[in-house]
Amino acid sequence: MTSLQPIRGTHDILPDEYPRFAQVVETAREVSRLYGYREMATPIFETTEVFARTSGETSDVVMKQMYSFTDRGGDPLTLRPEYTAGICRAFITNGQQQNLPFKVFAWGPMFRYERPQKGRYRQFHQLDIEVIGSPEPAADVEVIAVGADILDRLGLLADCTLEINSLGDPESRAAHRKVLIDYFKAHIGKLSEDSRARLERNPLRIFDSKDEGDRALLPDAPLLTGYLTPAAKEIFAAVLRGLDDIGIKYHVNPHLVRGLDYYTHAAFEFVTNRLGAQGTVLAGGRYDGLIEQLGGAPTPATGWAAGIERLMMLAQEPKPAPRPVALVPLGEAAERKALVLARDLRRRGIAVELDYKGNMKRRLQRANKVNARAAVILGDNELAKGVAAVKDLDKGEQHEVALHSLAEALSA
Ligand code: ATP
Ligand code: MG
């Protein structure tokens, strides 16, 4: 047998590390609730079409990152590379059109076949926020505010820059597309193979290329900004005004495009310089055409996703969990009584550590190891009197407490 290893690009989250993970999810859950977003989840896999139709045939995700397979029934399936397409599919197939705006928060694992490196994995986790059914710039401002508040609570906002750009409407894009194709055609020899393949289908994608040759062509490439229709310009200006009004700082970056093809109007990224090339922690934008592409009625929408692992690496240490008390029974009768007491205390919300076996020394060592705040010592003498000796493990003080008032005494 070959040696047993986790799959490349996957990682375990062990108990020591899990509180950092949980802190990110719980912070996002709490902040999104304050803004009126309801939590939901969708399946980890969907028919391949759900992603192929929406992410765009020229996106990295569809060109080379999807984990696709045929199941035993012959259906082409894909492990979700992102949440938005699945949530939109769920919105349509569950008839949520009567329920607008549909404001949701979700989190869970995503799968992309990428070259693993720090902050880039094949199974990773995302937070996700979507507002479906609102064309108003106020919705864009709100989703950005949710993101900013989550980053702020995690202690990261000061280290992040909000980059924002308008990807315009279809009319703006069509006008820009022509000049952009001409520009890249004039330098076709310097374009990467991937970008040559994208050129006729979606030249804007080249702005998101990680190839150095492609990147060298970008400073002189014609920008979409110069081709925005007056309507698209006004929509973008309204988003920026909204951000100004609530005091969220941003940097308009006319080179910003997004990794997936479905974005229109405001697209944005919160970027930090603390993670090298993997500096984008939270990214999203408006995707007014996506639901129609999936077969639903035209419905405007906006949202974002954030990489939980990237946030975990940056966030401050989470608050420690409440400390348990350790029960220390001595002898068989006390051990049996301890099981009853432990269950009673736990049912009253007190965390209890109770070893399956061991003498006093061993049990007290264990109590130290789990950082117990108190040891509840139960010997034959105590049992006979109906009391326990409760030792404060920080102060070293010890006193007797009647068993029937243990929960009360330990609740402090
Ligand atoms: P990148 O340019 O870094 O490849 P992307 O544009 O592909 O990112 P999105 O599809 O917008 O990323 O995903 C949103 C967020 O999810 C990213 O900003 C990042 O924080 C996180 N993310 C994306 N891919 C990975 C991955 N392979 N491993 C860990 N986190 C990821
Ligand atoms: Mg990517």
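Ligands are counted one by one from 1 in listed order, and the atoms in each one are counted from 1 as well.
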Distance, nearest 0.5 Å, that separates CZ of Phe268 from CZ of Arg286: 10.0 Å
Glu309 touching ligand 1 at heavy-atom level, < 4.0 angstrom: no
Numbered atoms of ligand 1 (with element) below 4.0 Å of Thr280, judged on heavy atoms: 17 (C), 18 (O), 19 (C), 20 (O)
Where ligand 1 meets Arg112 - atom numbers and elements under 4.0 angstrom, heavy-atom basis: 5 (P), 7 (O), 9 (P), 10 (O), 12 (O), 13 (O), 23 (C), 24 (N)
Ring geometry between Tyr18 and Phe21 (parallel below 30°, tilted from 30 to 60°, perpendicular above 60°): tilted
Within-cut-off N or O pair, Gly307 and ligand 1, under 3.5 Å: yes
Arg29 with Glu39: basic N within carboxylate O range, under 4.0 Å: yes
Parallel, tilted or perpendicular, as decided by the 30° and 60° cut-offs, for the rings of His125 and Trp107: tilted
Options Gln126, Glu269, Gln123, ranked by nearest heavy atom to atom 15 (C) of ligand 1, top entry: Gln126
His265/Phe236 aromatic ring centres below 6.0 Å: no
Per-residue contact class, Asp208 against ligand 1 - non-hydrogen pairs under 4.0 Å: neither
Exercise: do Tyr37 and Glu142 side chains pair donor with acceptor under 3.5 Å: yes
Heavy-atom nearest option to atom 26 (C) of ligand 1, drawn from Trp304, Phe124, Tyr263: Phe124
Separation of Lys185 NZ from Leu199 CG (nearest 0.5 Å): 6.5 Å
Geometric N/O contact Lys210 with ligand 1, under 3.5 angstrom: yes
Any Arg310 heavy atom less than 4.0 Å to ligand 1: yes
